[in-house]
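None of these values were measured; they are calculated from a predicted model. Atoms within a ligand are numbered from 1 in the order they appear, just like the ligands themselves.
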Amino acid sequence: MKIPLHIKILLGLALGIAAGLALNAWGGSIRSAAGDGTFAAGAITFVVNLNQVLGDLFKRSLQFIAVPIILFAMILAIGSLGDLRKLGRIGGKTVGIFACTAFLSVGVGLALVNLIQPGGPRFIGPEVREQLLASTQSESAGRVVTTSKSVNSWDLVREIVPTNPFDALARGDMLQVVVFALLLGIALSLLPRERSAPVFAVVEGLNDAFILIVRGIMHVAPFGVFCLIIPIVATLGFSVLASLGAYCVTVLIGLAIIQLVIYPTVVRIFSRVTVPEFFRGISQAQMVAFSSSSSAATLPVTIANVRDRLNVPPDITSFVCAMGAKINMDGTALMQAVATVFLAQFYAIELSGAQQASIVFTAVFSAIGSPGIPSGGMVMLVIVLRSVGVPAEGIAMILAVDRILDMCRTVVNVTGDAAVAVAVAGTEGRR
Ligand code: ASP
């Protein structure tokens with residue numbers, strides 16, 4: 001019998017937590033009885049370190065694909081707007097509504113995470129925080145130095161434009177990479193078709209290759225999650241789980257707000273479709289999205305639902321849904337914003353107003369670049385974390401609980417595409 005990947009990841013997580021808690025309790029009893037120098041204490045340190053290294057390997061492979069995949073995926077996404085000129089008004093409306101819902105979603109996420117503070121003192125005791133800070137001190141000290149350079153909001157604006165795009169790629173400065181990809185994509189789509197087509201074909205091939213690598217990495221994810229969570233739980237104990245739980249609840253509340261407030265409002269404002277009618281129409285796609293965690297894989301069902309059950313004309317349906325599956329990921333953008341601020345709280349990194357504002361932009365853009373595949377948004381999370389200097393280590397914790405959140409945010413992503421298709425058809429008076 002083949003066990004589905006998400007069940008394996010959950011198993012990896014459960015086993016990792018159990019092993020971590022056992023090591024934590026065992027280590028505690030050894031420390032109180034015989035001090036740190038015993039053989040058993042050494043063995044525990046060894047197991048923790050070994051898992052740390054294996055987990056790091058997994059984490060590094062996620063980081064490894066981040067820069068190329070955002071570059072290629074962004075160029076393609078912008079390239080697909082090549083049809084924009086052809087579709088003129090419809091394209092403009094689509095992108096406009098996509099952008100509004102994306103910014104609103106990130107705003108909701110930031111408001112919630114600042115309000116609930118899942119990584120704050122309410123959920124993590126002072127002892128645990130001190131331990132955590134000690135273990136990541138050198139790393140976060142380095143980050144604080146690098147980030148303090150750009151806390152000034154003028155600098156943040158100035159640094160958006162890279163002086164050398166290849167340097168931006170090499171340093172992995174994500175905001176600059178996004179700008180580079182954006183400009184290149186726009187320029188390519190303005191070139192005559194016969195000039196740009198071969199470039200797009202190469203970029204598409206490279207993009208597919210990297211997506212394949214992502215899939216490969218996700219196959220070892222159960223093991224990666226197991227290795228990553230052990231050292232965390234073993235050193236920090238049970239309280240880290242409360243904080244993670246609070247993070248999940250924050251993301252879920254945010255997703256519910258997008259799903260139950262933002263999208264129904266968009267549908268109501270721009271079309272005559274009623275809210276129950278809308279949700280009934282899109283229900284099959286939502287179920288497929290939930291179980292597949294992939295908006296790309298759900299695309300055929302989304303198109304079928306929007307066209308046949310919500311009566312949107314075929315041209316609008318395929319344009320909006322296909323583009324949406326690539327670039328419209330409000331659930332992903334919300335998760336990335338919440339996760340970044342949560343981890344900053346967790347590592348006690350103070351984020352200035354300007355940095356939170358920059359999260360809004362990076363989250364929106366990295367969600368645009370996220371591939372519509374399981375955990376696609378996780379890969380891109382590294383980008384948002386790096387842009388404000390939050391240690392990428394944190395991904396370990398987030399990844400551990402991400403599978404369930406991924407299923408839920410994919411439903412939101414797909415529903416968003418349908419809502420915008422209905423809205424655009426509504427404003428065109430065509431249904
Ligand atoms: N799985 C999501 C999707 O396909 C992307 C993500 O990981 O956020 O829409």
Task: Sidechain N-carboxylate O distance under 4.0 Å for R309, E277 - done: no

Task: Residue pair T362 / F365, side-chain heavy-atom distance below 4.5 Å - done: no

Task: Between N114 and Q356: side-chain donor-acceptor atoms closer than 3.5 Å - done: yes

- [ ] May I ask you to test the I404-C248 pair for a side-chain heavy-atom distance under 4.5 Å?
- [x] no

For ligand 1, list all ligand N or O to protein N or O distances below 3.5 Å, rounded to 0.1 Å.
| residue | atom | partner | partner atom | Å |
| --- | --- | --- | --- | --- |
| ligand 1 | 1 (N) | S293 | O | 2.9 |
| ligand 1 | 1 (N) | I373 | O | 3.0 |
| ligand 1 | 1 (N) | D406 | OD1 | 2.7 |
| ligand 1 | 1 (N) | T410 | OG1 | 3.1 |
| ligand 1 | 4 (O) | S295 | N | 2.8 |
| ligand 1 | 4 (O) | S295 | OG | 3.1 |
| ligand 1 | 4 (O) | G372 | O | 3.3 |
| ligand 1 | 4 (O) | I373 | N | 3.4 |
| ligand 1 | 7 (O) | G376 | N | 3.0 |
| ligand 1 | 7 (O) | G377 | N | 2.7 |
| ligand 1 | 7 (O) | D406 | OD1 | 3.3 |
| ligand 1 | 7 (O) | R409 | NH2 | 3.0 |
| ligand 1 | 8 (O) | T332 | OG1 | 2.7 |
| ligand 1 | 8 (O) | R409 | NE | 2.5 |
| ligand 1 | 8 (O) | R409 | NH2 | 3.4 |
| ligand 1 | 9 (O) | S295 | OG | 2.6 |
| ligand 1 | 9 (O) | N413 | ND2 | 2.8 |

Open item on the list: Within the 3.5 Å criterion, strictly below it, is a donor on S295 or D417 matched to an acceptor on the partner's side chain?
Closed with: no

- [ ] Can you label the angle between the F166 ring and the F180 ring as parallel, tilted or perpendicular, going by 30° and 60°?
- [x] perpendicular

